[in-house]
2 protein chains.
Amino acid sequence: MNIGQAAKASGVSAKMLRYYESIGLLAQAGRTEAGYRVYSDADVRTLRFVRRARDLGLSLERIKLLIGLWQDDDRASADVKRIATEHAAELRTKIAELTQMCEALEGMAAACHGDHRPECPILDDIARGGQAEAAPNGSKRLGTRREAPGAGAHRAIQGAMR
Amino acid sequence: MNIGQAAKASGVSAKMLRYYESIGLLAQAGRTEAGYRVYSDADVRTLRFVRRARDLGLSLERIKLLIGLWQDDDRASADVKRIATEHAAELRTKIAELTQMCEALEGMAAACHGDHRPECPILDDIARGGQAEAAPNGSKRLGTRREAPGAGAHRAIQGAMR
DNA sequence: GCTTGACCTTCCCATTGTGGGAAGCCCCAT
DNA sequence: ATGGGGCTTCCCACAATGGGAAGGTCAAGC
């Protein structure tokens, strides 16, 4: 099997196959005399593993560890579980960050007329830096979290989209 | 105000100030005779705007648009609202993807003993490519979505963590 | 046998934001 | 005037992927 066929069979692009090999995630593929990479069914099984692990959002770093464990008959399932739960915890954190952003945005958007006029609570809110405008009359303040300024979590929120 | 003070006052690093200027997100800052950048209070207000917008997960591309609208007295709030709702929709999509990943992982992890033994449903699940193992006895299949293979959403799921 | 098109190879570049660091200049206080 | 801290620019790195160029190879059809 050459790289294109392996790519099609595994769902991993040929480009990524070469890349994974270059970073040591995959072993160096065999070569024909002409220099073409050659893949076996076992290789394709590994590739599918990688593909599915990527679909779970795991980093290549962690996938590398998982492959090592997968191919190690003496592994401890605790090691696998730790990797999975660590990643799940990171996902939960990211989900919470994105949810907070999203709710803030949706709140602001709901308060915005969205017409031809320039008045816009969204811009006001962003410009105000997320601080309430002294709540003149008990307005709804949908967009902005009012309690818990969350002074420590600022840079943590950054990176959520990256 | 020089760049360090503006950075401290706005919560945007000096490094990012220079970068934002270089990509045209911010206007070129004034300079002292020695070449030091000089910032005004108005500049700091803009920087805080950017900072807050970043905290909402907006791309610099969109922030650029928002700044333009913010400084345009003739803007239509609809334009602002569209940007906000588009971004919120993208966040919702990403949240859904991450949630799906996370639930799959948590399900697998829950099924894993996590001890010294090698048996591991997590690895089995990933290796099986997310397809049910022919459901021999109606087992719980916690980790894997069984219905809706979602054949179209594959590459869409990729990129969720990036 | 030769051409052609599809495939393979390597190498470089771009993406998105951010940080790290080097080399060199500047400013202020001692 | 000297030292330390701040400023300047420039390059590199990250994570994971795609795009594309320049060139070699294979197989099918003529």
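In what follows, every chain begins at residue 1, and chains take the letters A, B, ... in the order their sequences are listed. All values reported here derive from a predicted model rather than from experimental measurement.
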Q.
Can a donor-acceptor pair be found, under 3.5 Å and without considering hydrogens, that links the side chain of K64(B) to the backbone of L25(B)?
A. no
Q.
Ignoring hydrogens and geometry beyond distance, is a side-chain donor-acceptor pair present between S40(B) and D43(B) at under 3.5 Å?
A. yes
Q: Please answer whether the main-chain N or O of D115(B) pairs with a side-chain N or O of S77(A) as donor and acceptor at a distance below 3.5 Å.
A: yes
Q.
Please determine whether the number of non-hydrogen atoms from other residues, nucleotides or ligands lying under 6.0 Å from atom CD of E61(B) exceeds 12.
A. no
Q: Would you work out how much the helix from dG1(C)-dC30(D) to dT30(C)-dA1(D) bends between its ends, with each end axis defined by five base pairs, to 10 degrees?
A: 30°
Q) Could one point to a donor on the side chain of K15(A) or the base of dG20(D) with an acceptor on the other under 3.5 Å away? A) yes
Q. Atom CD of E61(B) and atom P of dT15(C): how far apart are they, to the nearest Å?
A. 11 Å
Q. Given dT18(C), dT17(D), dT9(C), which nucleotide is nearest the side-chain atoms of Y19(B)?
A. dT18(C)
Q: Return no unless some side-chain N or O of R54(B) is found under 4.0 Å from OP1 or OP2 of dT18(C).
A: yes
Q. Given that A34(A) and K8(B) both sit by DNA chain D, which one's nearest nucleotide is further toward the 5' end?
A. K8(B)
Q. Can you find a donor-acceptor pair, distance only, under 3.5 Å between Y20(B) side chain and dG17(C) base?
A. no
Q) How long is the gap from OG1 on T99(A) to CZ on R92(A), to the nearest 0.5 Å? A) 9.5 Å
Q. Whole-Å distance between dA16(D) P and I23(A) CD1?
A. 7 Å
Q. Which whole-number value in Å describes the distance from Q5(B) CD to dC27(C) P?
A. 14 Å
Q) Would one find a side-chain N or O of R31(B) under 4.0 angstrom from OP1 or OP2 of dT9(D)? A) yes
Q | S59(B) vs dT16(C): side-chain N/O to OP1/OP2 distance below 4.0 Å | A | no
Q. Roughly how far, to the nearest 0.5 Å, is NE2 of H116(A) from CG of D74(B)?
A. 12.0 Å
Q | Test side-chain contact (heavy atoms from CB on, under 4.5 Å) applied to L66(B) and L56(B), L58(B), D79(B), the passing residue | A | L58(B)
Q) Y36(B) side chain: which of dC26(C), dC26(D), dG17(C) is closest? A) dC26(C)
**Q.** Nearest-angstrom distance from the residue atom CG of N2(A) to P of dC8(C)
**A.** 4 Å
**Q.** Interatomic distance where CG belongs to L60(B) and P belongs to dG17(C) [whole Å]
**A.** 4 Å
Q | R37(A) side-chain N/O to dT10(C) phosphate OP1/OP2 under 4.0 Å | A | yes
Q. What integer distance in Å separates Y39(A):OH from dC7(C):P?
A. 16 Å
**Q.** Any T32(B) side-chain nitrogen or oxygen under 4.0 Å from OP1 or OP2 of dC26(C)
**A.** no
Q: Inspect the contact between R128(B) and D125(B) and indicate whether a charged nitrogen and a carboxylate oxygen are less than 4.0 angstrom apart.
A: yes
Q | Interatomic distance where CG belongs to L58(A) and P belongs to dT17(D) [whole Å] | A | 12 Å
Q. What is the distance from CD of E33(B) to P of dC25(C), rounded to the nearest Å?
A. 18 Å
